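What you are looking at is a predicted structure, and each value in this text was computed from that prediction instead of being measured.
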Amino acid sequence: MSTKTLTIPPTFILGAAASAWQTEGWSGKKDGQDSWPDLWYKNDRQVWHEGYGPAVATDFYHRFREDVQLMKQAGLTHYRTSINWSRFLTDYEKGVVDEEYAAYYDQLFDEMARNRIVPMICLEHYELPGYLLETYGGWASKKVVELYLLYVEKVFERFHQKVTRWFTFNEPIVVQTRVYLDALRWPYEQNTSTWMQWNHHKNLATAKVVKLFREKGYVGTVGCILNPEVTYPRSRAPHDLHAAEMYDLFYNRVFLDPMVKGVYPAELFAVLEKHQVSWDYTEEELAIIRNNTVDELGINLYYPHRVKAPSRAWHPETPFHPAYYYEPFELPGRRMNKSRGWEIGPFIIYDMAMRIKNEYGNIPWFVAESGMGVENEGQFRNADGVIEDDYRIAFIAEHLYQTLRAREDGANCHGYMLWAFTDNVSPMNAFKNRYGLVEIDLQHNRDRRAKKSLSWYRRLSDERQLTVSFDDEWK
């Protein structure tokens, strides 16, 4: 066992994240303002753990002042959330702003400013308006790209003097992968061409937002929050290495390369053409992507992803899926978060940091999400009613250590943000696995209670020193 102390630079972000749809609830939501998660919940409620969904969430809409005080108590320097596109407008075609909802954000940003907490705002965190999904097929349509740009114009006009850190999407690959590749979420369709079209249009939309922001001369930056899966092959054998490369191509480079380098990987075009995956793009669109790369990245990192070469032939009648090239691999003896079913591997942050440094021009970035979801946390409640989440403290310490170590080795990494500030609703899992520094008590009016990790995070923020103890095997 070893112990090491690292200094946290004074400007280094120690924050936390959430999203609008996972926290606000439906209070004040008007007819026709359903987002994709809202429609999923309404159409398929039985798949959400114990029926909890976005209808009430954490009721942040009414309790944001209370929660901002808890952010201050936790020592947060920054808080990342989203503006819910589906609620910000009452007419998506004409860009009519819902003044009641916009006023709520004015109040939130003012409250954060009074408490010296910097807002970092995502423009879409799965909150595609249901109307646009049902009318145009969502991000499969170029019309939706233009309507998104109209929405973003209205947001910038309203809030550009209160927010300077903007992000076009959170995890832009997730919805279409779950719906159109894996058919695991409503409306359940396996269509790889639609998947790729959504990817392209989100890359195009990001570039157009960057262009708009710069042309308007707004102060600040535009980035995107990506969730690249740090992927390791089962072995160094060529077939396993190829499996990992293909996984990386389809799930990581499909967004990393165009957003940072301005171009799609040449091999992506080749593989999609080989498997007859058709998607609509133009040279003009590729030029827009090439000329309007992002200012920074947020990177969500939770667990290592491991693959091996496929052991079975692909069934000829099955539509193409990237899994044609890989199979999941579970490392024997791996450390596990058994509640979530995820491997614990803090080294992914260092490895991703070195990749960004060496392959992506050392673009400015930060860890946008890192956290540990645990089921039945009440079992860890002490006599004073406080959840003693030492497992979360250890998880954060190990992952923050890797972040700071990467900085020392030249990574252009500017912060670490925890998922999440409070317990909140997750897709399907609802409140099953708790992630927060703050407990949400579902049995007592969603009362807030600080967990042990909150006071630890506050000391970290105040003292700017991280001391970790670890086994040499994972350092």
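- A donor-acceptor pair under 3.5 Å links the side-chain atoms of Thr77 to the main chain of Leu14, judged by distance alone.
- At a cut-off of 3.5 Å, with distance as the only test, no side-chain donor of Gln197 or Asp280 sits close to an acceptor on the other residue.
- Looking only at side-chain heavy atoms (C-beta outward), Trp186 and Val179 stay at 4.5 Å or farther from each other.
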For this session: With side chain to side chain contact (heavy atoms under 4.5 Å, CB included) as the test, would you mind laying out the steps for Leu301 and Met352 before giving the verdict?
Result: CA-CA 9 Å; Leu301 295 164; Met352 191 70 219; 4.2 Å; yes

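- Paired with Tyr148 under the rule ring-ring contact (aromatic ring centres under 6.0 Å, His included), one option of Trp85, Tyr92, Phe88 passes, and it is Trp85.
- With salt bridges taken as basic N to acidic carboxylate O contacts below 4.0 Å, one links Glu146 and Lys208.
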For this session: Show your reasoning for whether salt bridge (Lys or Arg N to Asp or Glu O under 4.0 Å) applies to Arg355 and Asp248.
Result: CA-CA 12 Å; Arg355 184 177 187 188; Asp248 182 60; 2.7 Å; yes

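- At a threshold of 4.5 Å between non-hydrogen side-chain atoms, the residues Leu204 and Tyr281 do not count as touching.
- With Arg87 contributing its side chain and Glu127 its backbone, the two residues share no donor-acceptor pair below 3.5 Å.
- No close placement of the Tyr247 and Phe329 rings is indicated, their centers lying 6.0 Å or farther apart.
- Salt bridge annotation for Asp34-Lys29: present, with a cationic side-chain nitrogen under 4.0 angstrom from a carboxylate oxygen.
- Taking the six-membered ring where tryptophan is involved, the planes of Trp21 and Tyr126 are tilted, since the angle between them lies from 30° to 60°.
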Exercise. Can you check side chain to side chain donor-acceptor pair (under 3.5 Å) on Asp409 and Tyr350, steps first, answer last?
Worked result: CA-CA 9 Å; Asp409 288 348; Tyr350 185 87; 2.7 Å; yes

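- Nearest heavy-atom pair across Pro54 and Tyr41 is CD-CG, 3.6 Å.
- Taking the ring centre of Trp166 as origin, the terminal cationic atom of Lys216 falls outside the region bounded by 6.0 Å and 45° from the ring axis.
- Lys162 NZ: more than 12 foreign heavy atoms inside a 6.0 Å radius.
- Ring to ring, His305 and Tyr326 are not that close: their centroids are 6.0 angstrom or more apart.
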Problem set entry | Test log, rule salt bridge (Lys or Arg N to Asp or Glu O under 4.0 Å), inputs Asp257 and Arg253 | CA-CA 5 Å; Asp257 282 37; Arg253 295 183 63 198; 3.0 Å; yes

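- Applying the 6.0 Å contact sphere to CD of Gln161 captures no more than 12 heavy atoms from other residues, nucleotides or ligands.
- In this view, Glu134 satisfies the salt bridge (charged side-chain N to carboxylate O under 4.0 Å, His left out) rule with no residue, not counting sequence neighbours.
- A 6.0 Å sphere centred on CD of Glu330 holds no more than 12 heavy atoms belonging to other residues, nucleotides or ligands.
- Using the six-membered ring where Trp is involved, Phe320 and Phe250 have ring planes that are tilted, between 30° and 60° apart.
- For Ser193 (side chain) and Ser278 (main-chain N/O), a donor-acceptor pair under 3.5 Å exists by modelled atom type.
- Separation of the Tyr232 and Phe347 ring centroids falls under the 6.0 Å cut-off.
- Between Glu99 and Arg158 a salt bridge is recorded (basic side-chain N to carboxylate O distance below 4.0 Å).
- A ring-centre distance under 6.0 Å is found for Tyr101 and Tyr104.
- Checked against a 6.0 Å centroid threshold, the rings of Trp314 and Tyr325 do not count as neighbours.
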For this session: Would you please test Tyr264 and Asn203 for side chain to side chain donor-acceptor pair (under 3.5 Å) and show each step?
Result: CA-CA 10 Å; Tyr264 288 106; Asn203 277 314; 3.2 Å; yes

Exercise. Does the side chain to side chain donor-acceptor pair (under 3.5 Å) test come out yes or no for His321 and Asp182, once each step is laid out?
Worked result: CA-CA 8 Å; His321 185 291; Asp182 302 333; 2.8 Å; yes

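- Annotation: side chain of Thr422 is not in contact with side chain of Leu437 (no heavy-atom distance under 4.5 Å).
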